[in-house]
Amino acid sequence: MIVDNIIAQAVSRAVKELYGVDAPAESIVPQATRKEFEGNLTIVTFPWVKAARKSPEQVGTEIGNWLVDNEPAVNRFNVIKGFLNIVIEPTYWNAVLAHILETPNYGLTAPSADSPLVMVEYSSPNTNKPLHLGHLRNILLGYSLSNILAACGNRVVKTNIVNDRGIHICKSMLAWQKWGNGATPESTGKKGDHLIGDFYVLFDKHYKEELQALKQQGMTDEEAEKASTLMAEARAMLVKWEQNDPEVRALWQRMNEWVYDGFDQTYERMGVDFDKIYYESQTYLEGKDKVLEGLEKGVMYRKDDGSVWADLTADGLDHKLLLRADGTSVYMTQDIGTAKLRYQDYPISKMIYVVGNEQNYHFQVLSLLLDRLGFEWGKSLVHFSYGMVELPNGRMKSREGTVVDADDLMAAMVADAKAVSAERGRLDGMDQQELDNIAEVVGLGALKYFLLKVDPRKNMTFNPEESIDFNGNTGPFIQYTYARIRSVLRNAAASGFAIGDYSTVEPCEREITLIQRLADFPATVQEAGRSYSPALIANYAYDLVKEYNQFYHDCTILGESDPAARSLRLALSEATAETVKTALNLLGIGVVERM
């Protein structure tokens, strides 16, 4: 049992015996003692001052004395105002370390058949362009959050909704018809998603040229947009699509297949997957049916022009359009249809949408509408709202072709990792396959870690050069420490050293600090799940390897002559490596044995 739980249970017994207070152990949360004070764990005594009718210092002293007399894990204590600082019996930390090593999947909670079923939606790409840097943050957050929620004991369904219909799709299709000359991924040598993205940019280029020409004729911006023949053609194509025009549908299906093939290649290299993929082309009609059902029940209302709306003013919002006058759907309608299908497919306990913070209002409205339409999880849906990711030179714009494609970025990161590794000269003698594998794992690890270490709610700037650094709070630094530990353990085995009995060794302060950091891992995983924050796992891994490197610097391992002390340090190394590997795995980041 981890020390925090033992101390919490002991304090619970103490306040019951001393003051007659029922304080459940789970309500008592020991904190790591601040570095300027002596102690390993700190308990706040203020909650029991009233019942004891004594000062916080007196309460702390009485509880401390009770713990010394009754709990073998407690060595001594001190009280600073209302804070009881507890020093754990040094050799007790050895039992904690042994528990960590002996626990399969340490830090993770396996789900059971009746665990809550959580669905996480992420990626949500459009089929008119390739995945880019902004998608990368979304996908990596969604995938790592899914792993973390599963590690907290939930059953998790990873899902994706593909935006495969709408005016933006028609823009790419129309551009291909007009200027594509029959281009295909095979004829151009381009991935399908990149090829279609080029036509989306090409449409915007011609559209802007047309608007400029119309404005030179004296039209205002608004008049020019209304007079645009190019945009009128795109809208006409959308109407034909909704009317199931066979020619338009055939082209749409052909071009989408090119894009899906490209997406699949990107997802595979990224190391992410989905349990279920939904398509807006299959959900928007379901949404229309659900909205019309709501209209019949009086949950929605119809305007004179035939459009359908929801009145949300009683909830502090406004009136929301759900069906246009011509009967076509809006995004909200599509989301309602997707929710309907998901609820049919899975008995969802909670629905989490990983979508940028520019859609905060959209999900406020969706939550209210789903609740009104009878979805049990509607009101409790979670919008995992994250900040935008930018480059040092500013924001990206898909229409103008100024985005950083995910494929190009991943390739560049792997190339950078290979170059940095060659400069360091640590991979000499390895064959090309191993070199390529290390570069792939390190390069993608650098990218993933940089995007995940930041609080998801904050906007961030992605700096490729900073991310690939082998020092500081980066993925390569953590991966390198893991590889260093594995090298130590290989050398130990080669020298005939194994982990033996270390139960009687009194660990030094540096060793205790490292064990305590390892003991924090299960609580960190649970908190990351509660707060939907992969950044907590990322920064825990960084703090852990920093602590190990201090230990490695201060404590001899293979050169230690005392077999018991050496065993303790090898056990610490093994536990740290496994915990680092588990933490990175939750983030979707791999490790290598050498680098």
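- In summary, D405 and K191 do not engage in a salt bridge, as defined by a charged side-chain N under 4.0 Å from a carboxylate O.
- With respect to R324 and D326, no salt bridge is recorded, no charged nitrogen being found less than 4.0 Å from a carboxylate O.
- A heavy-atom distance below 4.5 Å is not found between the side chains of R269 and D407.
- E247 and K240 are not joined by a salt bridge, as no carboxylate oxygen comes within less than 4.0 angstrom of a charged side-chain nitrogen.
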Steps toward salt bridge (charged side-chain N to carboxylate O under 4.0 Å, His left out) verdict (K581, E578): CA-CA 5 Å; K581 184 178 182 180; E578 286 303 309; 5.2 Å; no
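- Aromatic ring centres of Y284 and W241 lie closer together than 6.0 Å.
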Atom pairs and distances, side-chain donor-acceptor, residues 173-183, under 3.5 Å, sequence neighbours left out:
{"unit_1": "W176", "atom_1": "NE1", "unit_2": "A183", "atom_2": "O", "d": "2.9"}
{"unit_1": "K178", "atom_1": "NZ", "unit_2": "E233", "atom_2": "OE1", "d": "3.2"}
{"unit_1": "K178", "atom_1": "NZ", "unit_2": "E233", "atom_2": "OE2", "d": "3.2"}

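- Every side chain to side chain donor-acceptor pair (under 3.5 Å) that D455 has, sequence neighbours left out, goes to R457.
- For the pair M351 and Y343, the minimum side-chain heavy-atom distance is 4.5 Å or more.
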Solution key, residues 139-151 side-chain donor-acceptor pairs under 3.5 Å, sequence neighbours excluded:
{"unit_1": "S144", "atom_1": "OG", "unit_2": "L140", "atom_2": "O", "d": "2.8"}
{"unit_1": "S144", "atom_1": "OG", "unit_2": "L141", "atom_2": "O", "d": "3.2"}
{"unit_1": "S146", "atom_1": "OG", "unit_2": "G142", "atom_2": "O", "d": "2.8"}
{"unit_1": "N147", "atom_1": "ND2", "unit_2": "L586", "atom_2": "O", "d": "3.2"}

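- H362 and D335 share a side-chain donor-acceptor pair at under 3.5 Å.
- Remark: aromatic rings of Y260 and Y279 are close, center separation under 6.0 Å.
- Here the options are L323, L292, V291, the test is side chain to side chain contact (heavy atoms under 4.5 Å, CB included), and the partner is M300; only V291 passes.
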